There are 2 protein chains.
Amino acid sequence: MATIYDVARSAGVSPKTVSRVLNGDGPVGQRTRDKVETAMAKLGYVPSNAARAMRSNRSGLVGLITGAISSTPSNVELSGLPELFIVQGIQRAIEPLNMTLMISDTGGRLDRVPQLMRTFSEHRVEGLIYVADYHKKVDLPDTPGIGKVVIANGYDDRGTPCVLPHDEKGQYALVSEAIAKGHRRIGYLTLANALDATRLRTVGYARALADAGIAYDSSLVIEADMAEPDPEVETQLLWDAIDRILGLEDPPTLLCMGNDRMAMRAYGILRSRGLNLPGDISIAGYDNYRTLAETLYPPLTTVELPYAAMGVRAARLLMSLIREEGQKPSEPQLVSGPVCWRDSVTPLVDPKSNVTPLGRKTT
Amino acid sequence: MATIYDVARSAGVSPKTVSRVLNGDGPVGQRTRDKVETAMAKLGYVPSNAARAMRSNRSGLVGLITGAISSTPSNVELSGLPELFIVQGIQRAIEPLNMTLMISDTGGRLDRVPQLMRTFSEHRVEGLIYVADYHKKVDLPDTPGIGKVVIANGYDDRGTPCVLPHDEKGQYALVSEAIAKGHRRIGYLTLANALDATRLRTVGYARALADAGIAYDSSLVIEADMAEPDPEVETQLLWDAIDRILGLEDPPTLLCMGNDRMAMRAYGILRSRGLNLPGDISIAGYDNYRTLAETLYPPLTTVELPYAAMGVRAARLLMSLIREEGQKPSEPQLVSGPVCWRDSVTPLVDPKSNVTPLGRKTT
DNA sequence: CGATGTCATGACACCGATGTCACAAGGCGA
DNA sequence: TCGCCTTGTGACATCGGTGTCATGACATCG
């Protein structure tokens with residue numbers, strides 16, 4: 001591979017002049033510039049980042065670790081997708097800044113993290129982004145020789161800068177808009193209570209009801225998922241929860257589910273009970289996991305978890321940390337996503353009239 | 001950050017001796033070694049890959065491009081997942097070899113590829129893997145200064161080494177096993193005919209029938225998807241195809257779908273027509289897209305597309321190319337995945353007796 | 001017209017590792 | 001005892017860029 005010396009010789013100038021053409025620092029005469037550019041093209045010259053990094057102490061690299069934060073390797077294959085969108089967002093944000101992403105997916109094996117960190121350190125990454133697989137607290141190992149760190153989709157208790165989804169706002173928006181469309185009895189089958197997302201979204205749910213002057217009815221809110229994923233048990237849990245909530249004296253016209261996968265399960269369960277969707281009951285999810293939400297029949301109303309946007313924000317945050325040296329630990333940055341209305345939630349045209357509590361399908 | 005000179009000074013030896021301790025070349029006295037290791041630990045020394053790469057001309061980097069091959073940016077958000085698994089497989093395979101993965105996701109914008117290639121070239125990657133989003137022919141831009149290239153999940157017409165899913169074998173296995181379980185009338189609602197996967201899988205389907213002595217009935221094979229994804233049109237297409245196939249004089253007991261998403265749609269459509277799953281009709285998918293297949297109710301029988309394994313194979317192939325310089329273009333490597341049996345396909349207990357063509361649910 | 005400033009360019013050192021070669025000390029066979 | 005090999009170590013050059021400083025050719029200004 002051609003070097004700057006080859007180019008210099010071929011163009012009949014000094015290496016430093018070639019460097020000036022490359023970087024645009026210092027003045028270069030037009031004729032000289034042309035000669036150099038011709039020579040570079042002829043030789044197919046590409047400057048070496050290694051040499052450049054050595055002199056300037058700037059590698060142009062950003063490290064990224066995903067999958068490391070999962071304490072349970074079991075669910076790695078089931079998640080994954082959100083991380084991908086976050087990564088895409090990060091990439092979009094750093095590419096214009098001429099940074100390159102160095103990615104390691106640990107496959108859930110926390111013990112490999114130190115090794116990865118060392119490799120990143122050897123490559124002299126200028127910053128590091130941890131991507132958690134869902135909104136949660138993480139515990140980062142100490143980072144020897146790695147400067148700036150940002151957590152995406154997670155947080156820790158040391159005040160490491162982080163970017164989080166605005167779960168409360170998302171659920172609030174969904175429920176508020178559903179109320180505006182006439183729903184009054186709104187069930188909420190939540191993810192595991194242990195999750196931060198569940199706590200925050202339940203707050204949003206309750207606040208939306210309160211703002212509309214609707215009393216909070218605790219029999220409408222049921223934990224219907226668990227932390228450890230096991231398809232069979234999860235289905236059973238959901239089945240029971242649906243049993244319970246449909247058996248209420250005044251059953252809901254809309255069921256909000258903890259995520260789109262739960263909603264997908266609910267489709268199967270509700271139909272197995274002979275209900276029509278969304279004619280007999282409306283369903284909403286959370287995540288806007290489009291492969292599910294758009295493909296389900298009918299398409300699923302859901303709240304978008306703004307993964308790509310979070311990636312962008314995380315990358316920008318990291319870049320600002322890299323640039324301005326002495327940065328104090330910032331507050332978590334909350335990113336919210338829109339509600340995606342699709343056919344699975346049907347408007348109740350006139351909620352004040354004494355129609356049946358079952359919604360009517362609008363064509 | 002400490003350098004090898006700092007370590008040398010702190011240990012009272014020459015830099016070269018530190019280098020020997022690091023790399024284990026040349027003899028080093030035990031006492032000297034201890035001194036050096038103590039100094040390295042004290043200073044938190046991490047060798048610089050840039051300096052190392054410069055001297056040795058080996059960067060330890062492998063480039064990876066995904067999303068580049070999609071000519072349609074529209075469907076980028078819908079795919080994605082398979083690529084992630086391929087990437088995970090690649091990572092698993094190269095990490096033990098002390099290589100680091102440098103990833104760029106183009107987000108479907110082909111025009112950015114040359115820029116990415118240049119960046120990889122500047123970092124002096126030792127090889128490059130293209131990951132296509134589904135089994136198809138791709139057209140790689142010329143690769144200036146980038147040596148070895150492997151395509152994963154795609155192929156080109158220049159004989160670039162590549163790794164492909166064994167679609168024919170997968171569909172053959174699924175249909176063969178379904179026949180063994182008593183199914184005789186097996187419908188096949190395929191992906192777009194233009195896809196390589198469709199052609200190959202249809203061959204597998206036909207061969208399985210032939211091997212069992214069952215005549216191929218072309219009215220059972222219907223193209224029910226299209227290349228350009230549009231959720232609404234796709235649902236319509238599938239609805240029509242199901243209409244047609246269920247209206248046959250001797251309707252199928254099992255529907256094989258082009259992929260798991262189609263199968264998910266079929267669940268909704270079949271149930272909207274009042275059918276029980278899998279009591280009235282069995283369904284099988286393709287991909288083993290676990291988020292869908294395991295979450296659907298009932299869980300979906302499907303063929304695994306061995307993405308992770310393909311990633312591993314692609315990485316190993318690339319490594320062998322990097323090691324042995326003069327490698328001739330190899331044949332495409334076919335990777336096959338297992339059939340995943342779940343409850344959506346019900347055995348027909350005694351296909352020879354004159355029971356109803358509708359399967360009975362086994363508990 | 002000489003002092004000063006700007007433009008265009010090159011010589012040289014340096015970033016942090018490692019390959020090459022040299023060399024001293026000690027062991028061993030002739 | 002001498003020559004030779006092995007072991008342990010260091011001096012020095014080198015990889016491919018860039019920062020610093022010097023230099024020569026002109027243009028400008030008082």
Side-chain angles (χ1 to χ4, degrees), chain A residues 1-37 39-40 43-61 98 100 118-126 145, chain B residues 1-37 39-40 43-61 98 100 118-126 145:
Chain A
M1 174 137 288
T3 75
I4 202 171
Y5 296 96
D6 301 327
V7 175
R9 199 173 334 113
S10 166
V13 299
S14 78
K16 180 67 214 189
T17 298
V18 178
S19 172
R20 276 192 268 258
V21 172
L22 272 175
N23 300 289
D25 49 348
V28 178
Q30 188 56 49
R31 279 197 43 213
T32 312
R33 181 184 304 276
D34 291 344
K35 276 192 302 182
V36 170
E37 275 165 355
M40 290 198 302
L43 297 173
Y45 169 72
V46 178
S48 155
N49 222 290
R52 200 174 262 177
M54 215 167 121
R55 193 69 172 85
S56 67
N57 244 343
R58 292 200 53 241
S59 62
L61 295 173
N98 280 319
T100 307
R118 168 154 177 121
T119 303
F120 283 156
S121 186
E122 290 185 359
H123 286 280
R124 300 289 190 268
V125 295
E126 297 181 41
Chain B
M1 173 136 289
T3 75
I4 201 170
Y5 296 94
D6 301 325
V7 175
R9 198 173 335 112
S10 165
V13 300
S14 78
K16 179 65 213 190
T17 298
V18 178
S19 171
R20 277 191 268 259
V21 172
L22 272 174
N23 299 289
D25 50 347
V28 178
Q30 188 56 49
R31 279 197 43 212
T32 312
R33 179 183 306 275
D34 291 345
K35 276 190 302 183
V36 169
E37 276 165 356
M40 291 198 302
L43 297 173
Y45 168 72
V46 179
S48 155
N49 223 291
R52 201 173 258 177
M54 212 168 125
R55 196 68 175 80
S56 68
N57 247 340
R58 294 200 51 242
S59 63
L61 295 173
N98 281 319
T100 306
R118 169 156 175 116
T119 302
F120 283 156
S121 187
E122 290 186 0
H123 285 281
R124 301 288 192 266
V125 296
E126 299 181 39

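Everything quoted here is computed from the prediction, not taken from an experiment. Here is the naming used below: chain letters follow the sequence lines, and residue numbers restart at 1 for every chain.
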How many angstroms lie between OG in B/S59 and CG in B/N49, if you round to the nearest 0.5 Å?
8.0 Å
Looking at CZ of A/R124 and CZ of A/R58, how far apart are the two atoms once the value is rounded to the nearest 0.5 Å?
15.0 Å
Which part of the nucleic acid, if any, lies within reach of [X] when heavy atoms closer than 4.0 Å are counted: base, sugar-phosphate only, or nothing?
X     : value
A/N23 : sugar-phosphate
B/S56 : nothing
B/D25 : sugar-phosphate

Between atom [atom1] in [X] and atom [atom2] in [N], what is the gap in whole Å?
X      : N      : atom1 : atom2 : result
A/H123 : C/dG16 : NE2   : P     : 17 Å
B/N49  : C/dT18 : CG    : C1'   : 13 Å
B/R124 : D/dC15 : CZ    : P     : 14 Å
A/I4   : C/dC14 : CD1   : P     : 19 Å
A/L22  : C/dT9  : CG    : C1'   : 16 Å
A/K35  : C/dA8  : NZ    : P     : 14 Å
A/M40  : D/dG17 : CE    : C1'   : 14 Å
B/M54  : C/dT18 : CE    : C1'   : 11 Å

Would you say the side chain of B/R52 lies within less than 4.5 Å of the side chain of B/N23, judging by non-hydrogen atoms?
yes
With the side chain counted from C-beta on, respond yes when A/H123 and B/L61 share a heavy-atom pair under 4.5 Å apart, and no when they do not.
yes
Distance-only, no hydrogens or angles: does the B/D6 side chain make a donor-acceptor pair with backbone N or O of B/T3 under 3.5 Å?
yes
May I ask you to decide if A/P47's main-chain N or O and B/E122's side chain share a donor-acceptor pair within less than 3.5 Å?
no
Taking only residues two or more places apart in sequence, or in another chain, which ones meet B/N57 in a side-chain contact (heavy atoms from CB on, under 4.5 Å)?
none
Choosing from [options], which nucleotide comes nearest the side chain of [X]?
X     : options                : result
B/T32 : D/dG8, C/dT9, D/dG16   : D/dG8
A/A51 : C/dG16, D/dG17, C/dT18 : D/dG17
A/P27 : D/dG17, C/dT9, D/dT9   : C/dT9

Among all residues two or more places apart in sequence or in another chain, which pass the side-chain hydrogen bond (donor to acceptor under 3.5 Å, both in side chains) test with B/T17?
B/S14
Among residues at least two apart in sequence or on other chains, which ones pass salt bridge (charged side-chain N to carboxylate O under 4.0 Å, His left out) with A/R33?
none
Residue set satisfying salt bridge (charged side-chain N to carboxylate O under 4.0 Å, His left out) with A/R55, at least two apart, ordered chain then number -> none
With a cut-off of less than 4.0 Å, is there a side-chain N or O of A/S48 near OP1 or OP2 of D/dC15?
no
C/dC14 phosphate, OP1 or OP2, under 4.0 Å from A/R55 side-chain N/O:
no
Nearest heavy atom decides the nucleotide; on that basis, is B/R33 or A/A50 closer to the 5' end of DNA chain D?
B/R33
Which residue lies more 5' along DNA chain C, comparing A/R31 with B/Y5 via nearest heavy atoms:
A/R31
Only stems of 3 or more consecutive Watson-Crick or G-U pairs count here, both distances under 3.5 Å; name the ones for DNA chain D, or none.
C:1-30 with D:1-30
Per the under-4.0 Å heavy-atom filter, residues of residues 10-20 of chain A near DNA chain D come out as A/K16, A/S19
